[in-house]
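Report on the following structure.
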Protein chains: 2
Amino acid sequence: MRLVIARCSVDYTGRLSAHLPLATRLLVCKADGSVLVHSDAGGYKPLMWMSPPCTVREEPERWTVTNKANEQLAITIERIVSDTNHDLGIDPGLQKDGVEAHLQQLLADRCDVLGPGWTLVRREYPTDIGPVDLLCRDADGSHVAVEIKRRGEIDGVEQLARYLERLDRDPLLRPVRGVFAAQEIKPQARVLATQRGIACLVLDYDELRGLEPDTPRLW
Amino acid sequence: MRLVIARCSVDYTGRLSAHLPLATRLLVCKADGSVLVHSDAGGYKPLMWMSPPCTVREEPERWTVTNKANEQLAITIERIVSDTNHDLGIDPGLQKDGVEAHLQQLLADRCDVLGPGWTLVRREYPTDIGPVDLLCRDADGSHVAVEIKRRGEIDGVEQLARYLERLDRDPLLRPVRGVFAAQEIKPQARVLATQRGIACLVLDYDELRGLEPDTPRLW
DNA sequence: TTGTTGATTTCGCAA
DNA sequence: TTGCGAAGTCAACAA
């Protein structure tokens with residue numbers, strides 16, 4: 001990884017055209033060829049960048065970074081303040097926990113959390129417009145479609161409503177109720193769900209994980 | 001901006017939980033308090049980060065970055081390879097719109113459009129608070145600073161006023177007038193410009209492009 | 001402050 | 001390879 005502090009102006013032409021006036025910035029050249037231009041503010045997003053795969057042509061006062069699609073980052077360097085290189089080796093990578101896929105698995109394993117006596121029919125139950133997260137049966141044997149989100153918003157309710165409309169046409173499943181389950185449910189989503197006769201369930205991730213018989217510890 | 005190359009492990013707890021095993025990585029601490037953790041691959045997105053506003057508590061082997069919502073980034077440092085600090089100053093910011101950058105170039109090439117006999121001194125003339133788009137001389141040899149925007153709003157006028165205040169301190173330039181040039185100038189911006197003694201000029205992009213001897217076609 | 005929409009979205013997974 | 005949906009989405013803008 002090469003780190004350069006330089007007074008430079010930058011032009012990007014590609015999916016759009018953009019220009020950075022002359023200023024002192026951080027240039028990061030990664031081992032995979034990608035180049036980032038960072039200022040001293042603005043959070044994690046670079047002012048400009050080129051994603052790999054791409055190639056850098058370096059001239060004394062101008063770097064030209066080009067990718068396959070002929071997008072171009074042209075860095076005009078007026079003055080180099082610092083120029084260092086570090087061998088970082090390969091990164092073992094990120095371990096994530098608590099995303100939607102994980103919630104889905106937890107509920108699939110313990111769908112009695114949704115209601116007493118409930119059982120799982122299938123995860124990712126297919127419909128002609130896509131799979132429902134969970135298809136369950138309640139204690140009476142009636143089918144229930146469950147849509148799981150990390151954050152429950154209005155489009156998630158719409159999505160579940162579309163699934164329900166499809167599933168309810170199937171004489172082997174009918175009648176099919178719906179449950180909208182999320183760690184957090186926005187008021188508007190709750191209102192719409194109620195209008196559509198869909199039940200809402202707020203999930204406690206930590207509690208769910210605690211219920212799991214042998215919680216797989218990632219670290 | 002502080003750049004640290006360190007062998008470290010990182011844990012994030014907040015909207016989810018995530019863990020980075022021990023490896024050598026780049027840590028960027030920006031002036032706004034934000035912290036980025038980058039590996040030597042993977043394009044522009046950091047492996048982990050904390051967006052501003054946030055605070056860093058630094059202990060010898062542990063950095064703890066916390067934000068308002070109580071999300072936390074815990075960086076455990078095993079070995080510091082490099083630790084440098086650079087003062088970048090404030091960034092003039094991105095001209096996201098290709099039209100603005102193009103307008104600047106068109107006017108740089110044909111700054112007689114601004115006034116008869118006007119000549120270009122320099123594009124992106126540097127000041128200690130960032131570069132002025134154009135510095136010109138009028139027919140009498142007096143200096144004129146030009147700020148170019150696609151849509152002229154009140155903050156653009158303020159920006160030019162700050163530049164003028166700086167430039168006018170320079171005995172080699174003084175007196176420096178200002179021109180605020182844009183495709184469209186909002187009434188409030190015009191009023192403020194008039195108050196500050198700044199002239200306004202509405203640009204016709206298509207006409208300017210037509211004036212260009214050999215128009216470079218970008219698309 | 002809250003909601004909505006676009007992004008050089010990026011990123012992962014599945015067909 | 002393509003397409004779809006999630007993302008610690010972020011970030012600008014409107015109400």
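Sequence lines set the chain letters: A, B, ... in the order given, protein chains first and strands last, and positions in each chain run from 1. Keep in mind that what you see is a predicted model, and the values were worked out from it rather than measured.
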Just call it for Met48(A): base, sugar-phosphate, or nothing, with non-hydrogen atoms closer than 4.0 Å on any strand.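 Touches a base.
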Letter per nucleotide, 5' to 3', of nucleotides 10-15 of chain D [B base touched, S only sugar-phosphate touched, - untouched; heavy atoms, 4.0 Å]: SS----
When the P atoms of dG5(D) and dT8(C) are compared, how many Å lie between them, rounded to an integer?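 Result for the P pair: 22 Å, nearest Å.
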Work out how far the C1' atom of dT9(C) is from that of dT5(C), and round it to whole angstrom.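 Their C1' atoms lie roughly 12 Å apart.
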If I compare all heavy atoms of Val144(A) with all of Val179(A), which pair ends up nearest, and what's the gap?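 Taking Val144(A) first and Val179(A) second, the nearest heavy atoms are CG1-CG2, 3.7 Å.
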Are the side chain of Glu124(B) and the backbone N or O of Leu22(A) linked by a donor-acceptor pair below 3.5 Å?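 Between the backbone of Leu22(A) and the side chain of Glu124(B) there is a qualifying donor-acceptor contact (under 3.5 Å).
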Quick check against the 3.5 Å criterion: does Thr194(A) have a side-chain atom that pairs as donor or acceptor with the backbone of Arg190(A)?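 Confirmed, Thr194(A) side chain pairs with Arg190(A) backbone.
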Nucleotide [N], atom [atom2] - distance to [atom1] of [X] in whole Å:
{"X": "Arg162(A)", "N": "dC4(D)", "atom1": "CZ", "atom2": "P", "result": "13 Å"}
{"X": "Leu94(A)", "N": "dC11(C)", "atom1": "CG", "atom2": "P", "result": "12 Å"}
{"X": "Leu47(A)", "N": "dT9(C)", "atom1": "CG", "atom2": "P", "result": "17 Å"}
{"X": "Gln104(A)", "N": "dA14(C)", "atom1": "CD", "atom2": "P", "result": "11 Å"}
{"X": "Ile185(A)", "N": "dG3(C)", "atom1": "CD1", "atom2": "P", "result": "15 Å"}
{"X": "Ile148(A)", "N": "dG5(D)", "atom1": "CD1", "atom2": "P", "result": "16 Å"}
{"X": "Glu184(A)", "N": "dA6(D)", "atom1": "CD", "atom2": "C1'", "result": "16 Å"}
{"X": "His19(B)", "N": "dG8(D)", "atom1": "NE2", "atom2": "C1'", "result": "17 Å"}

In terms of relative ring orientation, are His38(A) and His38(B) parallel, tilted or perpendicular, with 30° and 60° separating the classes?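 Rings of His38(A) and His38(B): perpendicular, over 60°.
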With under 30° as parallel and over 60° as perpendicular, where do the rings of Tyr44(A) and Tyr44(B) fit, or are they tilted in between?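 It falls in the parallel class, under 30°.
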Using heavy atoms to find the nearest nucleotide of DNA chain C for Leu73(A) and Lys186(A) separately, return the residue whose nucleotide is more 5′.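 Checking each residue's closest nucleotide, the 5'-ward one belongs to Lys186(A).
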Has Gln188(A) got a side-chain N or O lying under 4.0 Å from the OP1 or OP2 atom of dT4(C)?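 Indeed, a polar side-chain atom of Gln188(A) lies that close.
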Count the heavy atoms belonging to other residues, nucleotides or ligands that lie under 6.0 Å from CG of Asp87(A), then report whether that count exceeds 12.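 Counting neighbours around CG of Asp87(A), 12 or fewer heavy atoms of other residues, nucleotides or ligands fall under 6.0 Å, so no.
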Could you check whether Glu165(A) pairs with Arg169(A) (Lys NZ or Arg NE/NH1/NH2 to Asp/Glu carboxylate O, under 4.0 Å)?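 Counted as a salt bridge, because a side-chain N and a carboxylate O are separated by less than 4.0 Å.
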